[in-house]
Amino acid sequence: MTTLVPEVVPEELAQEPSTLPLPAPSTAGPARWWVLNGRPTWSAPARVVIFVSTLVLYTWHLSSVGMANSFYAAAVKSGTLSWKALFFGSLDPGSFITVDKPPAALWIQELSGRVFGFSSWSMLLPEALAGMATVMILYYLIRRWVGEGAAIFGAVALAVTPIATEMFRDNNPDALLTFLLVAAAWALWSALETAKTNRLVLCASLVGFAFLTKTLEAFIVLPAFGLVYLLCAKPRLARRLVQLSWAALALVISSGWWVAIVELWPASSRPYIGGSTNNSELNLIFGYNGFSRVFGSGGGSGAPGGAGPAFAGTPGIGRMFNDLLGGQISWLLPLAIVGLLGGLWLTRKEPRASLRRAGYVLWGGWTLMFAAVFSDAQGIFHPYYTVVLAPGIAALCGAGVPALWRLGRSNRWWCWALPVAVIGSAVWAAVLLGRTPRYDTWLAPSLVVAGVIGAIGLLLALIGVVRAKLATGAASVLGAASLLAGPIAYSITTVNSPNAGALASAGPATTAAAGGGVFRFGADLPGGAAIGALGRGRQGGFGTGPSADQAVVSYLEKHQGSAEYMVAVTGSQVAAPLILSSGKPVIAMGGFSGSDPAPSLAQFKKLVATGKVHYVLVNSGLTGSISLGSTSRDSPPNGFPGRPPGSFRLPPGVESNGNGPRAGGPPGGFPGGTGRAFGGPGGRSSDANAIDQWVEAHGTKVSYGSSAGASSSDGTLYFVSSAAAT
């Protein structure tokens, strides 16, 4: 009986691949130069297709994304102009205030900008290359663990995960975070294979650098990493504990050196730490970027509780599958869970140091830890955070399919597992596609049909009814197509319709319920506009791109004189476009949301008195108006029929004037959140309000030649003389 089965590497190869003798080259026919010893003939062509396709997917029309998240884009431009701004992660070249994350992700983009010149392309290229490298490393790890076929499937699954496609074309720090953690997994796997301490130290150092990318989120993998080495490494227990101690020391040093420098640096000569309540990086790490994300309170400035539901739905066990997150990450999550259970059962009797079981512990722990923390997060949680789940899900799917096949071949009770998992995943894909009305209505039923036919074919092969290789191979192809077609369609939509904004998401708009109000995430508004504040506008809005009033910029550049700062504004959402347009230092009063206690009124008066700043945009920030921009994310991939009309139901408290939400937004911010999360009403700090009132009382309105005179959508421009502050 001959059947085509998914490639499963023999146990000895899975455990000790480096010690096996290589087979002698075949002399039966002409040598194929592309075939490596011990690899299938299709391996090299498949790898080339996957890696080239991934590179194209992540770089195609990359500059069309524009400045992506202008908050980080402004910091990148500042870092190309000032080494001090680069080191601290400052928002502006004058280093008045930092962004609300450590600067490691900015460093890579800034160095690229210094080499190639600052542009959208030079800023985003490192992100795309990080995505390409992540796919390649995962392929290598799965091949070492399970085999070639599983590695191919896992690499494809990661590459076409919709949120991965989005984030590896974006300038948020999550792309570098994901790459560094996968690289750390490679170092850990090398430590498991070789038992070398230096590999474990390298793993810890990479996690430490990931900490400098996005703080405590990088540490979520540590329990999985520590557990797999403690349970599955070859050395004796005492030796393993010593090695883990060295790794812990490396983790402390690699994650803490920059934090220590910032904390020891005199506060008077460095920028204010954006997002903190007391100008402390430790406060930012454990507050706004730490416990407030998990518990919804106890955070720093601009860290409200309960903001998570507005972006990611209500916390709970089903959060990864809800309307806001499901289409981003959950396409293959059911298959990954079943594959994990099958893999652990298959390897349950293997020796303690079995690498096959270690792989399931590693990637299962990775996936479960991130899913558990993200599902229960009570604070601010954005859909794009889920990109770090993608490698774990892809690895479990790649290894889980051959594990389920082997179980089904050896045990009739397990022969249903793989077919049922394929059908279940196809049905779930149809559910996700159904959340976007009329998004290629033929695609969902096609996936279900393909999944059912493929599953039946696999079942017949497992029980021995079908023995032909061609039939089994066709069933496998149909099953794989039903699993991957949905994510591929969403990824193509993501590339064809670039999403610029602070709230990045992948795929088309979906009908989603959050915080008691129903809205389309990225949906159209009347007249073809979209809410920029929700991350879909191409111009203006919530970090979507440069939209500074050029008349204001021209006037300020001409009249800045000897002042250190071109202008002072409230919040980074107004400051960032000004920085991107001019490259000049701009004071972002209150930081990201306008709620940071920097500067105080006394500090601002001193800046004016010493001639460091003379111009102020009063009532600037998100309290002014919500800028609108176009979106086309409702459309399917090019060549796919159907384009659903835009529809939008405004969140509670937002009134429409016929062209979108009325200026100001709902009291206390958007649904499920607070004003501080967006810098909306109630979000500005008392310091910012006091400064605006003082400027209005002591300053002079400036007419800068626009039709609005002294006012624009960004605020009203005032000049304040040094004498007024003395």
Side-chain angles (χ1 to χ4, degrees), residues 57-58 65-73 99-101 105-106 109 123-124 127-128 130-131 134 158-182 210 213-215 217-218 220 289 293 307-313 319-331 333 370-371 373-375 377 379-393 487 490-491 493-495 497-510 512 514 521-522 532-537 541-544 592 631 633 673 677-678:
L57 182 68
Y58 292 167
V65 180
M67 289 295 108
N69 187 339
S70 65
F71 177 57
Y72 294 120
V99 299
D100 59 358
K101 299 291 185 297
L106 299 176
Q109 299 169 43
M123 177 178 66
L124 298 177
E127 308 294 278
T134 302
L158 172 59
V160 301
T161 299
I163 195 58
T165 301
E166 170 69 27
M167 295 316 296
F168 290 126
R169 296 171 56 88
D170 192 271
N171 64 341
N172 277 283
D174 300 75
L176 183 64
L177 172 70
T178 304
F179 163 73
L180 289 170
L181 293 182
V182 172
T213 301
K214 215 173 176 198
T215 61
E217 185 178 344
I220 294 176
N289 284 333
R293 302 282 175 150
F311 306 133
R319 192 182 215 183
M320 295 299 108
F321 302 93
N322 70 21
D323 292 339
L324 291 169
L325 301 184
Q328 309 295 307
I329 192 62
S330 72
W331 298 85
L333 187 53
F370 274 115
V373 174
F374 289 170
S375 295
I380 298 173
F381 182 83
H382 297 305
Y384 62 81
Y385 293 176
T386 58
V387 67
V388 290
L389 270 167
I393 293 173
Y490 265 44
S491 291
T493 297
T494 301
V495 173
S497 304
N499 175 25
L503 306 185
S505 64
T510 59
F521 199 59
L534 291 180
R536 289 292 186 182
F542 199 70
T544 58
F592 179 75
T631 180
R633 273 289 179 87
F678 284 87

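Every heavy atom of this structure was used, including side-chain atoms; hydrogens, water molecules and symmetry mates were not.
For the residue pair P383 and L325, the shortest heavy atom distance occurs at CA-CD2, 3.4 Å. Nearest heavy-atom pair, A506 versus P162, reported as atom, atom and distance to 0.1 Å: CB-O, 3.1 Å. In plain terms, the two heavy atoms of A68 and L124 that are nearest each other are CB-CD2, 4.4 Å. Nearest approach of L181 to A210, heavy atoms of both residues: CD2-CB, 3.9 Å. Minimum interatomic distance between S330 and F321 (heavy atoms only, all atoms of both residues): CB-CD2, 3.8 Å. Closest approach of L324 and Q328 over heavy atoms only: O-CG, 3.5 Å.
Rounded to the nearest 0.5 angstrom, F179 CZ and T213 OG1 are separated by 10.5 Å. Put simply, OG1 on T165 and CG on L57 are 4.5 Å apart, with the number rounded to the nearest 0.5 Å.
At least one side-chain heavy atom of D174 sits under 4.5 Å from a side-chain heavy atom of E217. Proximity of T161 to P487: side-chain heavy atoms (C-beta onward) are nowhere separated by under 4.5 Å. Residues Y384 and D170 have side chains not in contact (no heavy-atom distance under 4.5 Å, counting atoms from C-beta outward). Residues T215 and K101 are not in side-chain contact: their nearest non-hydrogen atoms beyond the backbone lie 4.5 Å or more apart. The shortest side-chain heavy-atom distance between M320 and L389 falls under the 4.5 Å cut-off. For the pair E166 and S505, the minimum side-chain heavy-atom distance is 4.5 Å or more. Contact annotation: the side chain of E127 never approaches that of M167 to less than 4.5 Å [non-hydrogen atoms, C-beta and beyond].
F374 is linked by a ring-ring contact (aromatic ring centres under 6.0 Å, His included) to F370, F381, counting only residues two or more places apart in sequence or in another chain.
A donor-acceptor pair is defined here as one N or O able to donate and one able to accept, closer than 3.5 Å; no such pair exists between the side chain of N69 and the backbone of N171.
The aromatic rings of W331 and Y490 lie perpendicular to each other, with more than 60° between the two planes, well past the 30° mark.
A cation-pi contact, defined as under 6.0 Å to the ring centre and within 45° of the axis, links K214 to Y385.
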